[in-house]
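Only one structure is covered here, and it is reproduced in the block below.
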Amino acid sequence: MSKKNTKYIFVTGGVTSSLGKGIVSASLGLLLKSRGFNVTIQKLDPYINIDPGTLNPYEHGECYVTEDGAETDLDLGHYERFLDSPTSQDNNVTTGRIYQTVIEKERKGDFLGKTVQVIPHITNEIKRRIKILAKQNYDIIITEIGGTVGDIESLPYIESVRQLRWELGENNSMVIHLTLLPYLSASGELKTKPSQHSVRQLMESGIQADVLVCRTEHKIPKEQRAKLAQFCNVPSENVIECMDADTIYQVPLDLQKQKFDEVVLKELDLPIKKESDLKDWKNFLKKHKNPKRKIEIALVGKYVSLQDSYKSIAEAFIHAGAEKETEVKVRWVYSGDITTENVAETFSGIDGMLIAPGFGDRGIEGKVLAAQYAREQSIPLLGICLGMQVITIEFARNVLGLEKANSMEFDAGTPDPVISIMADQKNVVDKGGTMRLGAWKCALKTGSKLAEIYGAKNISERHRHRYEFNSEYQQEFEKNGLVPTGFNPDTKLVETIELKDHPFYIGVQYHPEYKSTVETPHPLFIAFVQACSQRK
Ligand code: GLN
């Protein structure tokens, strides 16, 4: 299919936020891909931050990092996990970035003396950002508009969609509106009025929704479906029910049962190219739902009261768990609560421990205690990014006897900075987008556990950090059994460490969780789940 025939699907949300537009978009992407279309998914976020990199995870959950080093919304993680294909900076655009681009152009004089306005300048920039992906020759681009219809912040996006639909012409674009059908238990009824109103609100902005996807806790009775169709101006088969599912990975199959993909292809005047092939997906789900064994892994972090903060890690456990036919139960442990007195009790009965990524010194000492406990009790441990740094600090203090060893992030004046600031980070002032980000190569030592796990010597993984293992201490660590086994081939930066004489004690400076997908579970998570099962 040639570039000019790229079709556009816009996904909007109504009634409330958090309805799961990301999962619906990812599910649709999967269904269309399974029919042979080349699909990508993009998220437009109506906030003014340039990207979510500077946001506390409690604001929007995890910050997801792409191959090209963009710090993005966690929905991009869903897109990659469902489609098994990488996204990039182009797949996530915020209002902040739109305005930044327009203002930079204004300063350069690109607008030739014109008054710069939301319409047309901001909307033109939004449209440009949507169409940019078409250059990569996709058959279909799904664009998810963050926020809820009616929000002041969303207006320029909605107006851009209206303009684009007009420019693209008939059958080249469509709008899917995701809404909520609240259930009144007193009368036992699903209510359609809020959805009717939000569709009408969209119409006031000049956009007719083509398909309604209705989040609901109960099946939609025939009469309600007819009502929704009639009052929202859509054929009744275009009203799609999206019931709460026990796992997000069930959603594509539930939607397909209602011919969601066929409805969409019809709206876009695209042929039903081939039978949908979801064999592998169904196989994964079967294994996920029928595990043969169960393990419990403690996830030690400081943002555990919002589990979305560690979304990719939790999903990577699900992928690896299915692969090993193992249910992975996560015990969420707030690192700030761990003390010498309660550490044994906190981790009693666990089969493995993961020390999570993070920033800042809150909860660090608890993480150090956890690392020590896992080391001494032979509990399988995976330390990711900050987790690897904590492993290093603990070992320096308790095995090398460097009592005050620390990361320069937490104690800039430490006599033993076993974790130090990377040379190219020393003079960095701006916090946003300035870390070591995205995919970097790593060469694994022959004979190391990690080389065996990956079945390869040269790997590439995604990063997001400012501090690094201080190689001045490398030999001392190595002599005592904590061995650096992975290095950046150019800078020799230490990327991985492994403890000798321990069933599984591995720290990685990178984030393997970002690359785990349903189709390609991550080898490190698979090996970790395996090691935890063996302990059991
Ligand atoms: N705060 C640490 C650093 O900047 C670790 C970052 C992380 O865990 N992503 O190096």
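When a ligand or atom number is given, it counts from 1 through the structure's own listing order. These figures come from a predicted structure and were not determined experimentally.
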Any side-chain heavy-atom pair of Tyr64 and Glu62 under 4.5 Å: yes

Qualifying residues under side chain to side chain donor-acceptor pair (under 3.5 Å), relative to Ser88, sequence neighbours excluded: Asn91

Short N-O contact, Asp51 and Arg97, less than 4.0 angstrom: yes

Residue shell around ligand 1, heavy atom under 4.0 angstrom: Pro357, Gly358, Phe359, Cys385, Leu386, Gln389, Glu409, Arg464, His465, Arg466, Tyr467, His511

Distance, nearest 0.5 Å, that separates CD1 of Ile132 from NZ of Lys127: 14.0 Å

Side chain proximity check, Ile379 to Arg535, heavy atoms < 4.5 angstrom: yes

Expected output: side-chain Tyr310 to main-chain Tyr303 donor-acceptor under 3.5 Å: yes

